[in-house]
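Note that ligands are numbered from 1 as they come in the structure, with each ligand's atoms numbered from 1 the same way.
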Amino acid sequence: MFCFQCQEAAKNTGCTVNGVCGKPADVANLQDLLIFLCKGISHYTVRLRAKGVESNEVNKFVVDSLFMTITNANFDRERFITRVRQAIDLREAVKALYVSKGGDITEITFDGAFWTSKEEADMDAKALEVGVLATENEDVRSLRELTIYGLKGMAAYAEHAFNLGHEDKEVYAFIQQALVDTTNDSLSADELTALVLKTGEHGVKVMALLDKANTSAYGNPEITKVNLGVRNNPAILISGHDLKDMEELLKQTEGTGVDVYTHSEMLPANYYPAFKKYSHFVGNYGSSWWHQIEDFETFNGPVLFTTNCIVPPRKSSTYADRIYTTGSSGFPGFKHIEDRKDGKVKDFSVIIEHAKRCAPPKEIETGELIGGFAHAQVFALADKVVEAVKSGAIRKFFVMAGCDGRMKDRNYYTEFASALPKDTIILTAGCAKYRYNKLPLGDIGGIPRVLDAGQCNDSYSLAVIALKLKEVFNANSINELPIAYNIAWYEQKAVIVLLALLYLGVKNIHLGPTLPAFLSPNVAEVLVKNFGIAPIGTVDEDMKLFLGE
Ligand code: FSO
Ligand code: SF4
């Protein structure tokens with residue numbers, strides 16, 4: 001195996017034996033094979049699209065497949081074997097369709113458009129040839145993978161939007177064209193760099209789509225105090241990012257005596273008016289994704305993963321039989337809740353019955369968290385915020401969105417947040433917030449110093465807020481505003497968020513705790529030169545840098 005798609009890549013170079021995330025080598029390889037086949041499928045569908053033929057089945061299949069290969073989403077070999085077989089069937093179907101429309105398959109030279117075998121041993125063998133290292137030139141490899149990781153993040157958000165009935169065919173068309181472009185040896189480094197930025201442009205589109213899907217279904221997030229304590233009922237813990245799953249779980253648990261709590265990235269579900277009305281929706285339990293090892297142990301009840309980030313349970317853990325996955329997530333031994341069929345809801349009855357047999361959660365903390373500062377809520381406070389900036393009560397905003405992770409160096413973010421002067425505000429989204437959202441950072445004239453917009457995809461809200469401030473302050477560019485960007489990344493959704501910010505023209509983003517292993521020195525240099533991307537330094541150095549002191 002060779003995988004370098006996330007911030008935990010071994011030695012910041014790449015995982016070669018086993019994933020640091022726990023992904024076994026055979027699964028990593030099968031993920032490569034699945035991506036290879038999605039590229040092959042796309043060779044036909046981009047040509048069919050040019051003939052006016054669109055395949056909804058392929059659109060969904062490619063998006064779901066990309067999502068399944070995101071870090072920590074799915075570790076289940078069997079699911080990938082099945083998926084590879086489905087990919088071959090689907091590819092043969094679009095190939096036949098292309099031929100029936102007069103298409104000439106001799107124009108296509110990419111192997112993924114033709115390679116076929118449904119034998120596991122053949123799949124394992126082929127997978128070894130088609131991974132990241134199949135591209136020899138390290139700069140081309142870097143730009144291709146940067147694009148593909150952006151597409152993976154985009155696919156995750158597109159799937160959540162799809163689940164709520166929102167689609168953008170243009171996004172599907174772009175994903176498939178970009179997959180084909182990553183197989184085109186004639187593209188220059190400049191053309192591939194343009195592809196990376198175009199990926200960012202579509203990242204903005206898909207985040208806007210998901211924002212619309214979430215807010216039109218569940219209302220605009222609003223200022224909310226989220227309870228951190230527990231009640232004395234059996235309960236289900238829901239993690240991940242899928243709000244449709246959240247809705248259906250809340251509906252199906254109502255009146256059953258089973259409570260619902262959020263974990264990690266599902267915390268922002270507490271901010272939506274449509275979910276707040278459920279009296280058995282108690283609050284948030286525990287911390288960011290990698291704390292699940294302890295949090296799931298003490299929660300006592302079943303846990304539902306609607307997406308990543310799954311940590312393989314330790315041998316000594318007692319909770320593995322209480323974990324359920326759904327959607328693109330999966331793990332061998334965890335029970336999987338099947339997708340919606342024929343317009344029906346998902347059936348969560350097995351997890352609800354499981355909860356009834358469990359003890360209530362053990363209290364691990366008390367108190368409240370405040371959040372819900374997505375764009376509509378911040379716009380409602382705009383006068384107050386603008387006044388505070390004009391009066392000097394707010395000196396600067398720090399966008400500290402992104403991810404949390406296990407690396408010790410991530411303490412930097414807690415220390416940085418603590419060291420920020422009291423006249424600064426942190427704008428956050430994603431699980432990065434858990435590094436500082438429980439610190440007593442206070443407020444500025446009633447405006448909390450940590451404004452949480454929501455999930456990582458709600459970084460879109462932060463961009464909308466920046467664009468609004470640009471308008472209010474009559475600035476020529478968002479880079480003239482008193483906003484600094486100190487972003488933490490972990491996996492590929494953070495990649496699409498980063499590319500989206502670059503597309504929107506945001507400069508001088510500091511990215512940590514380490515720069516991506518998949519950036520070759522030359523590609524990193526292009527990002528530094530054109531966008532001012534920089535690694536983090538020490539808290540002291542960065543504080544001086546950001547505050548110009
Ligand atoms: Fe975090 Fe995981 Fe949301 Fe990611 S829970 S790390 S960027 O999946 O998607 O922020
Ligand atoms: Fe390694 Fe990250 Fe890939 Fe897992 S996803 S194998 S930790 S680079």
Peer 1: Can a cation-pi geometry be assigned to K23 and F75, taking NZ or CZ under 6.0 Å from the six-membered ring centre and within 45° of the ring axis?
Peer 2: no
Peer 1: On the six-membered ring of F162, is K60 placed so that its NZ or CZ lies under 6.0 angstrom from the centre and within 45° of the ring axis?
Peer 2: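 Yes, a cation-pi geometry.
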Peer 1: Would you call the rings of F296 and Y319 parallel, tilted or perpendicular, taking 30° and 60° as the class edges?
Peer 2: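 Correct class here is perpendicular.
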Peer 1: Would you say that more than 12 heavy atoms from the other residues, nucleotides or ligands in this model lie under 6.0 Å from the NZ of K198, or not?
Peer 2: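 12 or below, so no.
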Peer 1: Quick one: does any side-chain atom of T326 pair with a main-chain N or O of I337 as donor and acceptor, under 3.5 Å?
Peer 2: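 Looks like yes, one N/O pair under 3.5 Å.
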Peer 1: Closer than 2.8 Å to atom 3 (Fe) of ligand 2, which protein N, O or S atoms?
Peer 2: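 Near atom 3 (Fe) of ligand 2, the protein supplies C3 SG.
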Peer 1: Measuring from atom CZ of F174 to atom NZ of K205, what distance do you get when rounded to the nearest 0.5 angstrom?
Peer 2: 9.0 Å
Peer 1: Which heavy atom of I487 sits nearest a heavy atom of V399, and at what distance?
Peer 2: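 Heavy atoms only, the tightest pair is CG1-O, 4.1 Å.
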Peer 1: Show which atoms of ligand 2 fall inside a sub-4.0 Å distance from at least one heavy-atom site of M1.
Peer 2: 6 (S)
Peer 1: Does CD in E525 sit with more than 12 non-hydrogen atoms of other residues, nucleotides or ligands closer than 6.0 Å?
Peer 2: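 Incorrect, the count does not exceed 12.
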Peer 1: Would you mind listing each N/O atom of ligand 1 next to any protein N/O under 3.5 Å, plus the distance?
Peer 2:
from     : atom 1 : to   : atom 2 : distance (Å)
ligand 1 : 8 (O)  : N308 : ND2    : 3.0
ligand 1 : 8 (O)  : E491 : OE2    : 2.3
ligand 1 : 9 (O)  : H241 : NE2    : 2.9
ligand 1 : 9 (O)  : E491 : OE2    : 3.0
ligand 1 : 9 (O)  : K493 : NZ     : 3.4
ligand 1 : 10 (O) : E265 : OE2    : 3.0
ligand 1 : 10 (O) : C431 : N      : 3.3

Peer 1: Is the shortest distance from a Lys or Arg side-chain nitrogen in K126 or E129 to a carboxylate oxygen in the other one below 4.0 Å?
Peer 2: yes
Peer 1: Could you check whether the rings of F67 and H160 sit parallel, tilted or perpendicular, using 30° and 60° as the cut-offs?
Peer 2: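 Rings of F67 and H160: perpendicular, as their planes differ by over 60°.
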